[in-house]
Amino acid sequence: MTDDARRTIGVAVLGMGNVGAEVVRILQQSASDLEARVGAPLEIRGVAVRDLGKARSWCSPSLLTDDAASLVTRDDVDVVVELIGGIDLPRTLIGTALEHGKSVVTANKALLADYTGELATIAARAHVDLYFEAAVAGAIPVIRPLMQSLAGDTVQRVAGIVNGTTNFILSAMAENGDDYASTLAEAGRLGYAEADPTADVEGYDAAAKAAILASIAFHSRVTAGDVYREGISTITTDDHESAATLDCTIKLLSICERIDDSMGRQRVSARVYPALVPNSHPLASVNGAFNAVVVEAENAGRLMFYGQGAGGSPTASAVLGDLVMAARNKVHGGRGPLESTYASLPIAPIGDVNTRYYVSMKVADRPGVLSTVAGEFAKRRVSIATVRQAGAGDDARLIVVTHRAPDSALSETVDALNDLDAVLSVSSVLRLEGTDG
Ligand SMILES: NC(=O)C1=CN([C@@H]2O[C@H](COP(=O)(O)OP(=O)(O)OC[C@H]3O[C@@H](n4cnc5c(N)ncnc54)[C@H](O)[C@@H]3O)[C@@H](O)[C@H]2O)C=CC1
Ligand SMILES: N[C@@H](CC=O)C(=O)O
Ligand code: NA
């Protein structure tokens, strides 16, 4: 090893919350192993926090600063680890760090979903790394497998459960009938939820991750606004009960796939919504804050990645992996792969996606209602797979499951059902995924 290769790598950590605190702990506890793997010692030069007065374990007070902007430009810092969250401040801090020749590791999917292009351009100009394995599916390696291991294949589909908080809530509701609000509060206490948990429950976090996954998988620029999104805040105990009667469970899915238009041209569909998944499907048994991502590639076939998708130490594990890579590149020269958006595939609207629907509606309990309801599906060429009546009289409900049809035809059918006198209300509409038909 040359003298140069033995130089110390200076690390700045920005934010010491759920993830930042774990990163600082591991950096100190595993210092000698990390040194051996990098080929040089990693030394924390500073830790930026919002409140200097707060007590912290694993961190000498002399390292703390409330001036993140100065820390990221210091000459003795080689790699900046951003774990503050949000958009405007980290965008500026990361941009500045990269411009000053620092490699950056971040877990910030909200930022990356819209600004990967901007930040990757600065990183390329400065010949430094921008790594973000922790931004999607926490501890699970998905970014690196897609970007590197599958770089020679053609990925067709990336789909799965990428939000731990909502999976924790849906699992608790389905398994124990737990209450939505208290389970969400518990996810916050356990360090799974975002600072504003609306990002989790309304699907924004999963949509940001879908944008990142789709961009990498399809070598195209996909941003958060390109992702169709529905959250889980409207899912009720009745929905879980209905799912159980169909031998299904409800999961918030992120689905990114190539779909053809009517001329056979490829487009990208990226979408996030709660869906019924058959209990026999591998995703149905992914519970709690666990995530799973299924990748389908032309030559590799189907690959499944499973593990802890949220929480301080699992996320810190992915951050540390990136930090070791970035530090090695600083020691030995070179940099990681550049982002690749050469394919520039356009985005397909949700209406063009073929899905199956589950529709539960309160109906008048009188002769002819079933055929009126079925007629609205038929008018739009939506084929019905099963119909079941639950309850009777004032409690009569029809539960319809369709075959696959364009989402636009399905949503027009639901609008038409809402206008029928025979339908008192459409109480629930969910997609059904993971089945043929
Ligand atoms: N918690 C998790 O399971 C995961 C989180 N992430 C991402 O990691 C990042 C951090 O997440 P958490 O640690 O959970 O959030 P957190 O809210 O626990 O930590 C953020 C910390 O940044 C500090 N902070 C705010 N403004 C600051 C400033 N100007 N200077 C220095 N520090 C400042 C806050 O005081 C807080 O301690 C976010 O981008 C999040 O989306 C990614 C994957 C999993
Ligand atoms: N809030 C996120 C944290 C990890 O990305 C989640 O619940 O998955
Ligand atoms: Na990951």
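Just so you know, ligand 1 is whichever comes first in the structure, and atom 1 is the first atom listed for that ligand.
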Distance-only N or O hit between ligand 2 and K209, under 3.5 Å: yes

Under 3.5 Å side-chain donor-acceptor pair for T435 and R356: yes

Protein residue, atom and distance nearest to atom 29 (N) of ligand 1, heavy-atom basis: L89 CD2, 3.2 Å

Which segment of M16 sits under 4.0 Å of ligand 1 when only heavy atoms are counted: backbone

Close side-chain approach of L320 to V23, heavy-atom, < 4.5 Å: yes

Per-atom contacts, ligand 2 versus E194 - under 4.0 Å to a heavy atom: 1 (N), 2 (C), 3 (C)

Any N or O of G311 closer than 3.5 Å to N or O of ligand 1: yes

Donor-acceptor side-chain pairing of D196 and T198 below 3.5 angstrom: yes

No-hydrogen, no-angle side-chain donor-acceptor test under 3.5 Å, S242 and D239: no

Atom 6 (N) of ligand 1 [closest protein heavy-atom partner, distance rounded to 0.1 Å]: K109 NZ, 3.7 Å

Protein residue, atom and distance nearest to atom 13 (O) of ligand 1, heavy-atom basis: V19 N, 2.9 Å

Flag if over 12 foreign heavy atoms under 6.0 Å of CG, D67: yes

Nitrogen or oxygen atoms of G164 and ligand 2 under 3.5 Å apart: yes

Verdict with reasoning, Y115 to I87, per side chain to side chain contact (heavy atoms under 4.5 Å, CB included): CA-CA 9 Å; Y115 295 105; I87 297 197; 3.7 Å; yes

Heavy-atom nearest neighbour of atom 9 (C) of ligand 1 within options L14, N18, L83: L83

Parallel, tilted or perpendicular: rings of Y306 and F290 (30°, 60°): parallel

Test item: H332 side-chain N/O and R328 main-chain N/O as donor-acceptor pair under 3.5 Å: no

Residue and atom name of the nearest protein heavy atom (relative to atom 7 (C) of ligand 1), distance in Å to one decimal: A107 O, 3.4 Å

Atoms in ligand 2 with a heavy atom of D200 nearer than 4.0 Å: 1 (N), 2 (C), 6 (C), 7 (O)

Protein heavy atom at shortest distance from atom 4 (C) of ligand 2: K109 NZ, 3.3 Å

Other residues, nucleotides, ligands: >12 heavy atoms within 6.0 Å of Y228 OH: yes

Which residue and heavy atom of the protein sit nearest atom 44 (C) of ligand 1, plus the separation: T315 OG1, 3.2 Å

Minimum non-hydrogen distance to atom 17 (O) of ligand 1, winning option of A195, G85, P90: A195

Atom 30 (N) of ligand 1 - nearest protein heavy atom and its distance: I84 CD1, 3.7 Å

Greater than 12 external heavy atoms within 6.0 Å of N299's CG: yes

N/O separation below 3.5 Å, G191 to ligand 1: yes

Close N or O approach (G20, ligand 1; < 3.5 Å): no

Polar contact flag, side-chain donor to acceptor under 3.5 angstrom, K251-N287: yes

Numbered atoms and elements of ligand 1 in range of A134, under 4.0 angstrom, heavy atoms: 42 (C), 43 (C)

Protein N/O/S neighbour count - the Na ion (ligand 3), strictly under 3.0 Å: 5

Nearest-neighbour protein heavy atom for atom 7 (O) of ligand 2, which is reported as residue plus atom name and distance: T165 OG1, 2.6 Å

Exercise: identify the closest heavy-atom pair between T165 and A187: CG2-CB, 3.8 Å

Residues D407, R431: salt bridge by 4.0 Å N-O rule: yes

Ligand 2 contacted by G138 (non-hydrogen, < 4.0 Å): no

Ligand 1 versus L111: contacting region, heavy-atom distance under 4.0 Å: neither

Identity and separation of the nearest protein heavy atom to atom 23 (C) of ligand 1: G15 CA, 4.2 Å

Tell me which donor-acceptor pairs under 3.5 Å the side chains of residues 143-150 have, and how far apart each pair is, sequence neighbours excluded?
from : atom 1 : to   : atom 2 : distance (Å)
R144 : NH2    : D322 : OD1    : 2.7

Close-contact set for ligand 2 against N163 heavy atoms, below 4.0 Å: 2 (C), 6 (C), 7 (O), 8 (O)

V24 vs Q28 side-chain heavy atoms within contact, under 4.5 Å: yes

Nearest-option assignment for atom 40 (C) of ligand 1, heavy atoms, candidates E22, E194, E82: E194

Any side-chain donor near an acceptor of the partner, N163 and Y192, under 3.5 Å: no

Any side-chain donor near an acceptor of the partner, E202 and S233, under 3.5 Å: yes

Any V47 side-chain heavy atom under 4.5 Å of T65 side chain: no

Proximal atoms of ligand 1 relative to A310 (non-hydrogen, under 4.0 Å): 3 (O)

Lys/Arg-Asp/Glu bridge criterion (N-O < 4.0 Å) met for R271, E230: no

Closest approach of any protein heavy atom to atom 19 (O) of ligand 1, naming residue and atom: G17 CA, 3.3 Å

